[in-house]
There are 2 protein chains.
Amino acid sequence: MTIDTIARPPSLVETVCERLADLARQESDGDRLPTERELSARLGVSRSVVREAAQRLELQGLIEIRQGSGMKVVDKLHKPLNSAFHLLVPDEKQRLVHLTEVRQALEPENTRLAALRATGTQVKELRLAQSRLEQARSFEEQVHADMDFHRLLAEASGNPISALLMQSLSELMQASLAHGYRRVTPALAIRQHGAILQAIEKRDAAAAARAMHRHLLSARADLGLDSPR
Amino acid sequence: MTIDTIARPPSLVETVCERLADLARQESDGDRLPTERELSARLGVSRSVVREAAQRLELQGLIEIRQGSGMKVVDKLHKPLNSAFHLLVPDEKQRLVHLTEVRQALEPENTRLAALRATGTQVKELRLAQSRLEQARSFEEQVHADMDFHRLLAEASGNPISALLMQSLSELMQASLAHGYRRVTPALAIRQHGAILQAIEKRDAAAAARAMHRHLLSARADLGLDSPR
DNA sequence: TGTCATCAGGTGGTCTGACCAATACGACCC
DNA sequence: GGGTCGTATTGGTCAGACCACCTGATGACA
């Protein structure tokens, strides 16, 4: 026997927030939303309420707001995850250590599922990412291509939550790698990505997961992040 | 050669948000923060700015705001993760499927690390959670004790990001399980938790991870969620 | 003495209108 | 065609008013 709590009516801000989210969902990335003043008039609420609602959507990664310019639709649902991880572990080195560990849990399984589920288009995209890694000139390009490969794998797993996590993890790692962490052996990463890609092309899930596991161990060693055993 | 973007000065809302976050960090869970009007006077900004900043902190899970009552400090950093996952996968059944898959990636590794890293206190807490599961009368109590056990394992892994993810995942699963999903064989879960706990007490990391993997497969079958292979 | 109802004061929620800071766009000039 | 300037529009902030909700104190009654 459970007595449910009595539901409070949503505040105006919450209601407007949902309306705006619906509106944003009907638009594409980069499209403009109506101005604060216009939304205020159209929805029959004060501009404060529109502002507060819009700012919620911004924090959720659904829109970006620019003073003088308006609001535009974006697809950055990972943004609140980034903030949360940053708040939880403010120290960059510590955070990199923890992120690396989470990747070691998540990514072999993503890769295993990708081997089973990747579409032809996704396999092609993985090949392109691998090419970009092979041809990368700067460290920034390497990191970008590297993380792209990992993001694509997570997408190919068919699990949107894993894909979102990977977006967040990779972006945070990219930010850390831009600040003083250097990869010393890109050639090994290229080879290991190649082994992963091959296992996926063969639809060999176990081999793919093992190859990813190996790759992440190397990547961790490369970054000089040995987590306590 | 990288030219960094020119940093914009933070908006007043951002600045106040950081101040409030600092203030919240100095307080304990449940403590009250100054009122909007007081903060407005003390910080020399308008009440709108304080409101907008406070609402950011609420969305981040650092405070809770109650009309007529004020703001209190909470520790719910997983809240924005819950929202993001909910936005990403609005359909409850789909979300449960995906969450279950993510758990299958994360939890064996958490459990392996817990076997290596759990403190004596954490092992005791795990035992208590197991007792609570054994003694649970209602389905709600079972689910709560079950999820508590998993949360404690994630904490015992020593990885705060995993622990945060597990908080979010378990809360979302609990919410779904409160809405029509029924576990049919609690006795098996109790046995499997027992096996996990035993492996942890023996500090056998591989056995712990295997036991968790097994447990999650059973739990998934129990919920009738067979993910596409 | 304990319980319940009421009320006042204080809290956050919303509104309005004014003004400031940043952006975009069009017109004009070289 | 490219650069500059001015204006209109956008979001950011402010102040003050009023509304809806909460809390704690007080008084009445059993």
Side-chain angles (χ1 to χ4, degrees), chain A residues 4-21 23-24 27 29-74 76 79, chain B residues 4-21 23-24 27-74 76 79 83:
Chain A
D4 281 344
T5 56
I6 295 167
R8 292 167 186 274
S11 70
L12 276 187
V13 173
E14 278 160 1
T15 302
V16 170
C17 199
E18 293 203 10
R19 289 289 180 83
L20 285 190
L23 197 52
E27 304 292 337
D29 227 3
D31 286 353
R32 297 281 154 168
L33 289 185
T35 65
E36 289 178 358
R37 287 174 175 96
E38 207 175 310
L39 288 167
S40 170
R42 273 163 65 176
L43 296 171
V45 298
S46 76
R47 210 178 124 214
S48 308
V49 169
V50 171
R51 287 185 56 74
E52 287 178 14
Q55 282 170 26
R56 283 183 187 206
L57 291 198
E58 190 176 38
L59 274 192
Q60 290 178 322
L62 293 176
I63 68 173
E64 271 174 1
I65 303 170
R66 268 289 138 81
Q67 179 174 348
S69 185
M71 310 180 218
K72 79 176 179 193
V73 175
V74 296
K76 297 190 178 182
K79 195 170 145 186
Chain B
D4 281 345
T5 55
I6 295 166
R8 293 169 187 275
S11 70
L12 276 188
V13 174
E14 278 160 1
T15 302
V16 170
C17 200
E18 294 204 12
R19 288 291 179 78
L20 284 190
L23 198 53
E27 306 291 338
S28 311
D29 229 1
D31 285 352
R32 297 282 154 167
L33 289 185
T35 65
E36 289 179 356
R37 288 172 174 98
E38 207 176 311
L39 288 168
S40 169
R42 274 164 64 176
L43 297 170
V45 297
S46 76
R47 211 179 123 212
S48 307
V49 169
V50 171
R51 284 185 57 76
E52 287 179 13
Q55 282 171 26
R56 285 185 184 203
L57 291 199
E58 191 179 35
L59 275 189
Q60 289 178 324
L62 293 176
I63 66 173
E64 272 174 2
I65 303 169
R66 267 289 137 82
Q67 179 176 353
S69 188
M71 311 181 213
K72 81 177 178 192
V73 175
V74 296
K76 297 190 179 181
K79 195 172 144 184
S83 302

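In what follows, every chain begins at residue 1, and chains take the letters A, B, ... in the order their sequences are listed. Treat the numbers as computed from the prediction; the structure is a model and nothing was measured. Below, all heavy atoms of this structure are taken into account, side chains as well, without hydrogens, waters or symmetry copies.
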Establish, with yes or no, whether the OP1 or OP2 oxygen of C:dG13 is under 4.0 angstrom from a side-chain nitrogen or oxygen of B:Arg51.
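Yes, within the criterion.
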What nucleotide among D:dC14, C:dT11, C:dT14 has an atom nearest to a side-chain atom of B:Ser46?
D:dC14
Figure out the CD/P separation between A:Glu58 and D:dG11, and round it to whole Å.
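In whole Å, D:dG11 P lies 12 Å from A:Glu58 CD.
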What is the distance, to the nearest angstrom, from the CD atom on B:Glu36 to the P atom on D:dA15?
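Rounded to whole Å, this separation is 15 Å.
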Let me know the distance between CD1 of B:Ile65 and C1' of C:dT11, rounded to the nearest Å.
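These atoms are roughly 12 Å apart.
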Using a 4.0 Å heavy-atom cut-off, does A:Ser69 contact any base of the nucleic acid, only the sugar-phosphate backbone, or nothing at all?
sugar-phosphate
A:Arg56 CZ - C:dG13 P separation (whole Å)
9 Å
Can you confirm whether more than 12 heavy atoms, excluding those of B:Arg19, are under 6.0 Å from its CZ atom?
no
Between B:Arg32 (CZ) and D:dG24 (C1'), how many Å, whole number?
13 Å
Scan A:Arg66 against the nucleic acid and name what it touches under 4.0 Å (heavy atoms): base, sugar-phosphate only, or nothing.
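A:Arg66: backbone/sugar contact only, no base atoms under 4.0 Å.
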Heavy atoms, side chains only, cut-off 4.5 Å: are A:Arg47 and A:Arg37 in contact?
yes
Show your reasoning for whether side-chain hydrogen bond (donor to acceptor under 3.5 Å, both in side chains) applies to B:Arg32 and B:Ser69.
CA-CA 9 Å; B:Arg32 297 282 154 167; B:Ser69 188; 3.0 Å; yes
Need to verify one output field. Residue with the more 5' nearest nucleotide on DNA chain C, A:Ser11 or B:Gly70?
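Final value for this comparison: B:Gly70.
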Closest to the B:Arg47 side chain: C:dG12, D:dT13, D:dG11?
C:dG12
A:Glu64 CD to D:dT10 C1': how many Å, rounded?
16 Å
Grab the CD-C1' distance between A:Gln67 and C:dA24 for me, whole Å please.
13 Å
Quick one: A:Arg37 CZ to C:dC20 C1', roughly how many Å, whole number?
11 Å
Looking only at side-chain atoms of B:Leu12, point me to the closest of D:dG12, D:dT13, C:dC15.
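The listed nucleotide nearest to B:Leu12's side chain is D:dT13.
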Nearest-nucleotide pick for A:Ser48, side chain only, options being C:dT14, D:dG11, C:dT16:
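Among the listed nucleotides, the one closest to the side chain of A:Ser48 is C:dT16.
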Taking atom CD of A:Glu18 as the centre, does the number of heavy atoms from other residues, nucleotides or ligands within less than 6.0 Å exceed 12?
no
Return whichever of B:Ser40 or A:Pro9 has its heavy-atom-nearest nucleotide of DNA chain D closer to the 5' end.
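Result of the comparison: B:Ser40.
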Reported CD-to-CE distance for the pair A:Gln55 and A:Met71, which is rounded to 0.5 angstrom
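That separation rounds to 9.0 Å.
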Let me spell it out: for each of A:Gly68 and B:Leu33, pick the nucleotide of DNA chain C with the closest heavy atom. Which residue's pick is nearer the 5' end?
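Its nucleotide being nearer the 5' end, the pick is B:Leu33.
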